[in-house]
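Below, each value reflects all heavy atoms present in this structure, side chains not excepted, and no hydrogens, waters or symmetry copies.
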Amino acid sequence: MAWRLGGPKVVVMAGPCSVESREQLFTVFLNSSLKPGARALRGGAYKPRSSPYSFQGMGVEGLKLLREAGDRFHLLVISEVMEISQIPIMMPYIDIFQVGARNMQNFNLLRETRQGAQNPCC
């Protein structure tokens with residue numbers, strides 16, 4: 001799927017903050033503003049929480065669901081990477097790594113995300 005960021009058109013990249021189930025992910029797309037003009041589906045597969053007892057995300061299962069939805073609706077897939085060890089796990093499922101504000105000074109993580117040229121970093 002080829003499109004360019006920075007051109008005259010707005011690029012819509014959206015989705016649920018946290019992927020919680022297949023039903024939730026597909027319902028978000030089918031009943032939202034993602035349908036008209038969406039280019040990328042963004043969803044969190046790993047969710048850091050202050051409590052270890054809170055929902056921490058679906059992990060690889062969430063990544064698989066994002067890829068399934070992206071393929072079905074012809075969208076690129078974006079998910080946040082928070083540590084270097086997640087990069088090789090995420091690469092088969094995502095098209096773009098999202099690096100959150102909390103990791104903008106994590107130069108080791110930023111450098112490693114650039115190693116996978118087919119997975120740009122935003």
Side-chain angles (χ1 to χ4, degrees):
M1 183 175 320
W3 47 269
R4 185 166 185 239
L5 287 174
K9 294 184 179 183
V10 172
V11 177
V12 176
M13 297 183 233
C17 177
S18 176
V19 177
E20 298 174 10
S21 69
R22 184 180 191 282
E23 294 73 27
Q24 173 241 24
L25 186 59
F26 281 74
T27 300
V28 163
F29 181 82
L30 293 172
N31 297 323
S32 76
S33 60
L34 277 174
K35 286 197 302 191
R39 300 287 186 185
L41 174 62
R42 183 251 171 247
Y46 299 99
K47 298 305 293 180
R49 304 280 192 236
S50 56
S51 171
Y53 304 108
S54 297
F55 177 69
Q56 300 286 316
M58 293 184 70
V60 174
E61 291 306 311
L63 293 169
K64 289 177 182 178
L65 291 174
L66 284 166
R67 180 78 270 152
E68 179 186 352
D71 290 347
R72 177 172 173 189
F73 299 117
H74 310 289
L75 300 169
L76 296 177
V77 174
I78 302 170
S79 194
E80 184 174 0
V81 59
M82 291 175 289
E83 58 186 63
I84 292 171
S85 66
Q86 293 173 338
I87 293 171
I89 296 166
M90 295 176 75
M91 285 185 74
Y93 305 106
I94 67 160
D95 299 299
I96 301 171
F97 289 114
Q98 175 185 337
V99 178
R102 73 180 136 258
N103 275 311
M104 280 295 127
Q105 296 296 317
N106 185 342
F107 299 114
N108 292 326
L109 177 64
L110 294 171
R111 184 176 43 251
E112 290 299 316
T113 59
R114 300 305 303 152
Q115 299 304 315
Q118 75 274 17
N119 299 81
C121 179
C122 67

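- Residue Val77 comes nearest to Gly70 through the heavy atom pair CG2-CA, 3.9 Å, listed as atom of the first residue, atom of the second, then distance.
- Here OG1 of Thr27 is found 9.5 Å from CZ of Arg22. Values are rounded to the nearest 0.5 Å.
- Atoms CZ and CZ, on Phe26 and Arg72 in that order, are 5.5 Å from each other to the nearest 0.5 Å.
- In this structure, CE on Met82 lies 10.0 Å from CG on Leu109, to the nearest 0.5 angstrom.
- Within the 3.5 Å criterion, the main-chain N or O of Cys17 finds a donor-acceptor partner in the side chain of Arg42.
- Rounding to the nearest 0.5 Å places CD1 of Ile96 at 11.0 Å from CG of Leu41.
- Residues Val60 and Ile89 meet the side-chain proximity criterion, which asks for heavy atoms closer than 4.5 Å.
- With hydrogens and angles disregarded, no donor-acceptor distance shorter than 3.5 Å links the side chain of Gln98 to the backbone of Gly44.
- Between the side chain of Thr113 and the backbone N or O of Leu110, at least one donor-acceptor pair lies under 3.5 Å.
- Across every non-hydrogen atom of Pro92 and Arg67, the tightest pair is O-CD, 4.1 Å.
- The shortest non-hydrogen separation linking Ala40 to Ile78 is CB-CD1, 3.7 Å.
- Taken to the nearest 0.5 Å, the CG atom of Asn106 stands 9.5 Å off from the CD atom of Glu83.
- Inter-residue side-chain proximity for Tyr93 and Leu66 is flagged as unmet; no heavy-atom pair is nearer than 4.5 Å.
- The CG atom of Asp95 sits 11.5 Å away from the OG atom of Ser79 when rounded to the nearest 0.5 Å.
- With respect to the salt-bridge test (charged N to carboxylate O, under 4.0 angstrom), the residues Arg102 and Glu80 qualify.
- At least one side-chain heavy atom of Val81 sits less than 4.5 Å from a side-chain heavy atom of Val99.
- Taking all atoms of both residues into account, the shortest heavy-atom contact from Ser21 to Leu65 is C-CD1, 3.9 Å.
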